[in-house]
Amino acid sequence: MAFMSEFFAIVVAVLSMRALSDSDFCPSRSPVKCSCPPEWQLWGSACYRLTSSKYNWDDAKTACQDVGGKMAAPRSLEELNFMAELARKVDSQYRAWIACNDRDVEGTWECDGQEGGEPFLVWDDGQPDSWQGEQQDCAQITAWHNHKMDDDRCDNYKWAFCVRQAACTHLPTQPRQYCLSTDTHGRIFNSTCLLDHNFREFITEGVVACGSACAKEPGCRSFNIKKTEGGKKICQLNNSTSSEDKDKFQKTDYFCMYSEVCLG
């Protein structure tokens with residue numbers, strides 16, 4: 001009886017949700033167009049370039065500021081790979097400073113913009129090493145070290161990576177709505193879901209919370225709400241839709257409700 005009451009409450013919430021306008025309920029996710037000034041390369045919502053000349057580490061920081069940015073420090077492997085490819089196009093044997101150093105405490109590396117947590121560091125094998133006892137307090141990415149990080153003397157002259165925020169504008173878009181799957185009689189499926197396409201799942205309060213999470217999540221095309229034996233509702237975010245993979249849109253032997261995020 002409790003199960004039927006909960007299912008009825010979910011259906012009522014869904015039907016009420018469909019009657020609301022997008023501004024009342026659905027968080028919209030407008031497409032964003034970003035651009036960079038000449039000589040800068042776009043990655044995500046930021047622009048990157050190398051300095052036009054080689055500098056020591058301190059002067060490289062100033063050179064990046066002079067062109068409207070700051071010295072860059074990668075925060076992910078994807079960003080590191082992008083920066084390495086950018087440098088490789090300028091100089092196949094590049095050595096380029098990044099905004100990381102251990103000047104204050106030897107062996108404790110700090111990266112600009114990554115304060116308050118562990119810095120992102122991808123050292124090449126055997127690095128950092130303070131080679132031959134030198135005071136190597138500044139970090140670089142270099143082709144000589146497999147496009148990974150290496151420490152070096154801060155007074156050596158190298159290229160440097162600079163970064164600045166891209167100019168981004170939100171493009172107009174149609175409102176996003178939640179479209180429930182129904183049978184030919186207009187009845188909501190409660191035991192049919194898209195299987196094997198979820199890339200993230202979590203406990204949810206219901207349709208509103210799950211749908212909002214899908215609308216905010218890049219790559220989310222649809223979502224399932226699955227009820228466990230313990231009575232908890234699991235929100236599953238999918239990277240596909242029932243029309244794109246009809247074979248995986250299947251009946252289940254448990255409560256499972258499917259919905260798509262559609263343009264209204």
If I compare all heavy atoms of [X] with all of [Y], which pair ends up nearest, and what's the gap?
X    : Y    : answer
K148 : V122 : CB-O, 3.5 Å
A96  : F161 : CB-CE1, 3.3 Å
D91  : W159 : OD2-NE1, 3.3 Å
V67  : W40  : O-CZ2, 3.4 Å
R164 : G68  : CB-O, 3.6 Å
N224 : L194 : ND2-O, 2.9 Å

Pair K158-D152, salt bridge (charged side-chain N to carboxylate O under 4.0 Å, His left out): steps then yes or no: CA-CA 10 Å; K158 310 175 190 294; D152 203 356; 2.7 Å; yes
Would the distance check show the side chain of [X] and the main-chain N or O of [Y] forming a donor-acceptor pair, the cut-off being under 3.5 Å?
X    : Y    : answer
T252 : S191 : yes
Q114 : P74  : yes
W97  : Y55  : yes
T51  : A160 : yes
Y258 : S242 : yes
D151 : S130 : yes
W144 : D150 : no
S212 : V208 : yes

Decide side-chain hydrogen bond (donor to acceptor under 3.5 Å, both in side chains) for D137 and N101; before the verdict, give the C-alpha distance in whole Å, the side-chain angles of both, and the deciding distance to 0.1 Å. CA-CA 5 Å; D137 292 334; N101 72 89; over 6 Å; no
Start with the C-alpha gap between C138 and C100, add the side-chain angles, then the distance that decides, and say whether disulfide bond (SG atoms under 2.5 Å apart) holds. CA-CA 6 Å; C138 293; C100 299; over 6 Å; no
Exercise for the section: Evaluate the side-chain contact (heavy atoms from CB on, under 4.5 Å) criterion for residues Q250 and T192: first the C-alpha distance (whole Å), next the side-chain angles of each, then the deciding distance (0.1 Å), finally the verdict. Expected result: CA-CA 5 Å; Q250 299 177 5; T192 306; 5.9 Å; no
Sequence neighbours left out, what passes side chain to side chain donor-acceptor pair (under 3.5 Å) with [X]? Give chain and number order.
X    : value
R103 : D58
N239 : H197
N56  : D59
E115 : none

Pairs in or reaching into residues 61-81: which pass salt bridge (charged side-chain N to carboxylate O under 4.0 Å, His left out), with residues at least two apart or in two chains?
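Every pair satisfying salt bridge (charged side-chain N to carboxylate O under 4.0 Å, His left out) with a residue in residues 61-81: K70-D112.
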Exercise for the section: Keeping to residues at least two apart or across chains, list the salt bridge (charged side-chain N to carboxylate O under 4.0 Å, His left out) pairs with something in residues 191-206. Expected result: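 Only D196-K248, R200-E217 qualify under salt bridge (charged side-chain N to carboxylate O under 4.0 Å, His left out).
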Row check, Y254 ring normal vs K226 NZ/CZ: under 6.0 Å, within 45°: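 Output yes; distance and angle both within limits.
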message: Could you check whether the SG atoms of C235 and C210 sit less than 2.5 Å apart, since that is the cutoff I want to apply?
response: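 Correct, these two cysteines form a disulfide.
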Exercise for review: For N198 and N238, test the side chains for any donor-to-acceptor distance below 3.5 angstrom and give the result as yes or no.
Suggested key: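 Note: N198 and N238 side chains miss the donor-acceptor criterion.
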